[in-house]
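The next block holds one structure in the form of structure tokens; read it before the comments.
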Amino acid sequence: MTIHHTDVGAALEAGISPRVRALVAEMTLDEKLAQLVGYWVDQGDEVVAPLSGEKVTTAAYTDATVHGLGHLTRVYGTRPVDPVERAAWLWGEQRRLQTETRLGIPALVHEECLTGFAAWKAATFPTPLAWGASFDPDAVELMASAIGRSMSELGVHQGLAPVLDVVRDARWGRVDECIAEDPYVVATIGTAYVRGLQGAGVHATLKHFVGYSASRAGRNHAPVSAGQRELQDVFLPPFEMAVRDGGVRSVMNSYTEIDGVPVASSRELLTDLLRRRWGFDGTVVSDYFAVEFLRSMHGIADSLGEAAQLALEAGIDVELPGPDAYPHLAERVASGDLPEAVVDRAVARVLAEKEDLGLLDADFSAPPQSVDLDDAEHRALAYRLALESAVLLRNDGVLPLREPGRIAVIGPNADSTDALMGCYSFANHVLAHHPGVPMGFSLPTVRDALTDRFGEVTYAPGCAVEGSDTAGFAEAAAAARDAEVAIVVVGDRAGLFGRGTVGEGNDADSLELPGVQRQLVEAIVATGTPVVLVLLTGRPYALGWALDGDDAPAAVLQAFFPGEEGAPALAALIAGDAAPSGRLPVSLPRSAGAQPYSYLHPLLGGPSGVTSTDPTPVRPFGFGLSYTSFRREGLAVDGVAASATAEVRAGDAFCVAARVTNTGAVRGADVVQVYAHRTRASVTRPLAQLVAYARVELDPGESAEVRFTVPASRLAYSDRAMRRVVEPGEVELRLGPSCAEVDEAVALRLTGATYEVSVDDARVVDMEVRRAPSP
């Protein structure tokens with residue numbers, strides 16, 4: 001073996017330890033490149049990533065690891081393996097890397113963890129849209145901490161979550177992986193997830209950096225035509241907060257191209273912005289096969305070697321899931337096309353991450369002998385998030401069902417476990433390829449939970465989620481006519497790439513409920529029996545027919561894939577054991593033709609006299625009903641109330657205060673929402689933009705004062721010179737239950753010179769709740 005000692009000092013960034021510098025200097029080029037790739041040991045014929053069936057790494061595992069290995073890819077999350085048995089294999093494999101490779105560096109193990117640790121027998125939590133609907137960053141942080149604890153126990157070091165894509169088009173299949181259509185909600189809840197996971201010793205990975213959710217017509221991997229202002233003001237802020245305030249340790253690139261430039265090859269995004277401007281000093285990993293896609297899908301590289309060089313020079317440190325392109329970097333170095341110093345820089349980042357995780361000194365002598373991946377803490381957190389995230393969209397008084405009498409439970413999702421989980425749950429992502437393998441943990445269906453809560457119910461599926469078969473309608477209608485209330489459970493079935501109705505690769509050209517489910521609901525409503533419609537979905541559907549009018553169901557309850565405790569939580573809400581408190585994290589669309597849509601639209605993005613179409617959603621962002629009522633009042637800015645105009649210098653923080661009172665008869669939670677409306681600016685602005693929010697639990701008659709300390713950056717936007725600024729001028733601050741409703745408003749005048757916001761400015765609104773006796 002020939003060892004080439006290189007002068008790495010000038011190539012490596014500040015903050016790299018002497019130990020890592022010495023390691024890089026000692027490594028051969030083969031050893032360096034081995035640290036820049038993963039290996040997917042278990043990948044077979046199952047399609048669990050885009051085109052994975054066609055692009056499985058062909059190199060033998062023993063050959064691929066002879067010089068060491070950067071990552072082991074999804075050793076728990078590719079097929080159902082017993083966690084303890086797999087841990088014994090993993091510990092042994094790490095010992096082999098320590099003893100049988102020259103430098104003895106273990107591999108970093110990464111797994112998916114979007115709705116929980118994606119492993120057999122592990123807890124499954126609500127999908128990210130439900131996190132957004134909860135408006136509860138604290139609960140999300142606790143959930144992520146529990147997920148991280150399970151992963152750490154089994155030797156996993158990095159989790160491929162959270163997804164910080166801002167929802168722009170409900171037709172996109174990956175909406176169920178997203179948190180909200182508002183960047184600040186995405187940022188605060190996503191950053192809470194980062195803190196929870198990393199607090200448990202597992203590095204979080206932000207994805208998909210950046211702009212992925214703006215793909216044209218909601219088609220996966222489609223080009224993105226977003227301008228720089230939309231990038232800066234909508235898509236980038238969640239990532240910036242997670243980097244600057246959350247201290248995230250890893251970032252994953254987006255598959256997409258933006259204005260013709262694939263993100264995987266964008267030095268401007270992956271290096272100039274992410275590292276130089278924001279100060280990110282972790283590792284950037286490729287989304288699966290994204291480096292090879294520069295050649296085969298984007299057509300900007302002639303060879304794997306050229307694709308690898310484009311990605312590496314742009315700033316992608318690690319190629320995942322396996323060594324498809326990066327091994328070809330050896331040819332680029334040998335030809336002189338690629339300076340070895342560029343390789344050294346990426347290797348140093350990978351080794352620094354391993355050093356930070358304790359991998360360079362890890363002891364793999366004692367694998368775990370037992371683990372509980374679905375303990376009481378997991379289930380309690382899953383229940384809390386499921387309960388807090390269900391959104392009551394309509395209620396004519398039928399809910400709660402205090403004394404329901406005979407209940408008919410109807411619909412294709414009523415007795416389905418799959419319908420409770422998102423596409424990145426282990427069950428829908430992996431177990432779907434292994435029929436007959438048990439779930440490995442308790443997962444009651446809605447039918448089960450309603451039976452447990454109310455006693456015997458009559459059940460009829462009525463139809464399937466997909467397809468045109470209406471043969472079951474008659475039985476379902478008969479069951480409804482014989483009941484005093486019918487609970488009809490419809491919606492999605494999550495899957496990947498054509499398997500299911502929503503999820504990665506399952507984009508839609510219609511936002512009607514799949515199959516004949518709408519017809520089923522209408523048939524049950526026509527029986528005259530009161531209908532409670534329960535939606536288990538991964539995207540918002542066009543539900544105007546079910547929400548307004550004389551022929552609508554009596555009540556409509558929306559749940560976004562609520563996870564393993566979703567059914568008991570829904571049963572509790574239906575029974576009135578708790579009051580619904582979820583709020584819509586996405587607008588409910590009027591139709592597919594109104595897409596793409598965001599509540600963050602300027603005047604001409606809504607209805608007007610110059611167009612015959614109306615994109616107004618049937619329920620707005622932030623909307624949600626309860627079994628109680630709330631009064632919001634006393635809105636003031638720095639002590640100035642609605643009768644006067646508050647004045648604040650354009651670069652200064654200010655305090656927004658309001659009082660909320662539970663005026664009903666049961667305990668409930670309100671989500672206090674403060675929006676800004678800019679009357680004039682140098683560029684067009686949204687009619688309403690969320691500035692701050694707070695989830696507040698109150699007993700009947702109880703009041704609380706909510707105080708927000710709002711940094712200047714919450715009113716910033718990109719001016720004509722593309723500077724993030726707070727311009728002087730008039731702003732109206734609005735207090736209300738959604739983006740479309742105003743309880744009170746206060747005028748705010750920003751004074752002084754235009755203030756340019758820097759990365760060092762505060763981004764997070766500090767919030768304090770002061771409970772007080774009712775007036």
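The first residue of the sequence shown is numbered 1, and numbering continues consecutively from there. These numbers come from a predicted model, not from an experiment.
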- Message: For Ala118, give me all partners under side-chain contact (heavy atoms from CB on, under 4.5 Å), at least two apart in sequence or on another chain.
- Response: Glu112

- Query: Between the main-chain N or O of Val166 and the side-chain N or O of Ser213, is there a donor-acceptor pair closer than 3.5 Å?
  - Reply: yes

- Message: Side chains of Tyr193 and Ile147, heavy atoms from C-beta outward: is any pair under 4.5 Å?
- Response: yes

- Message: Can a side-chain donor-acceptor contact be found between Asp492 and Tyr541 if the only test is distance below 3.5 angstrom?
- Response: yes

- Below 4.5 Å, heavy atoms only, C-beta onward: do Arg678 and Leu750 meet side chain to side chain? yes

- Message: Using only atom types and a distance under 3.5 Å, with no angle test, would you say the side chain of Asp652 pairs donor to acceptor with the backbone of Phe654?
- Response: no

- Side chain of Arg632, backbone of Ala658: donor and acceptor closer than 3.5 Å? no

- Below 4.0 angstrom, N of the basic side chain to O of the carboxylate: do Glu564 and Arg379 qualify? yes

- Query: Would you say the side-chain atoms of Asp761 and Ser713 include a donor-acceptor pair closer than 3.5 Å?
  - Reply: no

- Message: If you define the side chain from C-beta out and look only at heavy atoms, does anything of Asp176 sit under 4.5 Å from Phe560?
- Response: no

- Query: Which value, rounded to the nearest 0.5 Å, describes the distance between Phe125 atom CZ and Leu385 atom CG?
  - Reply: 8.0 Å

- Query: Taking atom types as modelled and ignoring hydrogens, do the side chains of Thr537 and Gln558 form a donor-acceptor contact shorter than 3.5 angstrom?
  - Reply: yes

- Query: How many angstroms lie between CG in Asp169 and CZ in Arg539, if you round to the nearest 0.5 Å?
  - Reply: 9.0 Å

- When the ring planes of Tyr599 and Phe621 are compared, do they come out parallel, tilted or perpendicular, using 30° and 60° as the limits? parallel

- Heavy-atom side-chain proximity of Val746 to Leu748 below 4.5 angstrom: no

- Task: Starting at CZ of Arg734, measure out to CG of Leu635 and round the result to the nearest 0.5 Å.
- Result: 12.0 Å

- For Thr661 and Thr663, indicate whether the former's side chain and the latter's backbone hold a donor-acceptor pair under 3.5 Å. no

- Item | Side chains of Glu111 and Val202 in contact at under 4.5 Å (non-hydrogen atoms) | no

- Query: Just by distance, with hydrogens left out, do Thr124 and Thr115 show a side-chain donor and acceptor under 3.5 Å apart?
  - Reply: no

- Verify side chain to side chain contact (heavy atoms under 4.5 Å, CB included) between Val710 and Val674, making sure each step is shown before the conclusion. CA-CA 11 Å; Val710 181; Val674 177; over 6 Å; no

- Test side chain to side chain contact (heavy atoms under 4.5 Å, CB included) applied to Val656 and Arg714, step by step: CA-CA 12 Å; Val656 178; Arg714 293 299 303 126; over 6 Å; no

- Task: Kindly say whether Ala552 contributes a backbone atom to a donor-acceptor pair with the side chain of Asp548 at under 3.5 angstrom?
- Result: no

- So, does Ser425 use its side chain to make a donor-acceptor pair with the main chain of Gly422 at under 3.5 Å? yes

- Can you name the nearest heavy-atom pair linking Pro238 to Pro183, along with the distance? CG-O, 3.5 Å

- Query: Any side-chain heavy atom of Ser145 sitting closer than 4.5 Å to one from Leu197?
  - Reply: no

- Task: Quick one: closest heavy-atom pair of Arg590 and Val618, and the distance?
- Result: CA-CG1, 4.2 Å

- Message: Between Asp245 and Thr191, is the side chain to side chain donor-acceptor pair (under 3.5 Å) condition met? List the steps.
- Response: CA-CA 8 Å; Asp245 300 287; Thr191 299; over 6 Å; no

- Just by distance, do the side chain of Gln673 and the backbone of Pro737 share a donor-acceptor pair under 3.5 Å? yes

- Message: Go through it in stages, so that I can follow the logic: the residues are His677 and Leu687, the test is side chain to side chain contact (heavy atoms under 4.5 Å, CB included), and I'd like the CA-CA distance, side-chain angles, deciding distance and then a yes or no.
- Response: CA-CA 6 Å; His677 168 62; Leu687 294 181; 4.3 Å; yes

- Item | Ion pair check, Arg659 and Glu705, cut-off under 4.0 Å | no

- Message: Nearest 0.5 angstrom please: Leu584 CG to Leu392 CG, how far?
- Response: 10.5 Å

- Query: So, Arg619 and Ser738: side-chain donor and acceptor under 3.5 Å apart, yes or no?
  - Reply: no

- Euclidean distance, Met439 CE relative to Met421 CE, rounded to 0.5 Å: 4.0 Å

- Item | Trp545 and Leu513, any side-chain heavy atoms less than 4.5 Å apart | yes

- Item | Donor-acceptor under 3.5 Å (Asp182 side chain, Val185 main chain) | yes

- Between Arg493 and Asn413, do the side chains contain an N or O donor and an N or O acceptor separated by less than 3.5 Å? yes

- With distance as the sole criterion, is a donor-acceptor pair present between the side chains of Thr451 and Asp448 under 3.5 Å? no

- Task: Measure the CG-CZ distance between Asp233 and Arg685 for me, rounded to the nearest 0.5 Å.
- Result: 6.0 Å

- Message: Please check: side-chain N/O of Gln198 versus main-chain N/O of Arg249, any donor-acceptor pairing under 3.5 Å?
- Response: yes

- Item | Heavy-atom donor-acceptor pair, Asp374 side chain to Ala122 backbone, under 3.5 Å | no

- Message: Which heavy atom of Phe630 sits nearest to which heavy atom of Ala669, and what is that distance?
- Response: CZ-C, 3.6 Å

- 4.5 Å side-chain heavy-atom contact, Val175 and Leu129: yes

- Item | Smallest separation among heavy atoms of Pro126 and Ala386, with atom names | CG-N, 3.8 Å

- Message: On a heavy-atom basis, which atom in Pro530 and which in Glu484 lie closest, and how many Å separate them?
- Response: CD-O, 3.5 Å

- Query: Which heavy atom in Phe135 sits nearest to a heavy atom in Ile189, and how many Å separate them?
  - Reply: CA-CD1, 4.3 Å

- Would Ser581 and Arg695 count as a side chain to side chain donor-acceptor pair (under 3.5 Å) if you check the C-alpha gap in whole Å, the side-chain angles of each, and the deciding distance to 0.1 Å? CA-CA 9 Å; Ser581 59; Arg695 182 185 174 89; 2.6 Å; yes

- Intermediate values then yes/no, side chain to side chain contact (heavy atoms under 4.5 Å, CB included), Trp172 and Cys178: CA-CA 10 Å; Trp172 192 46; Cys178 302; 3.7 Å; yes

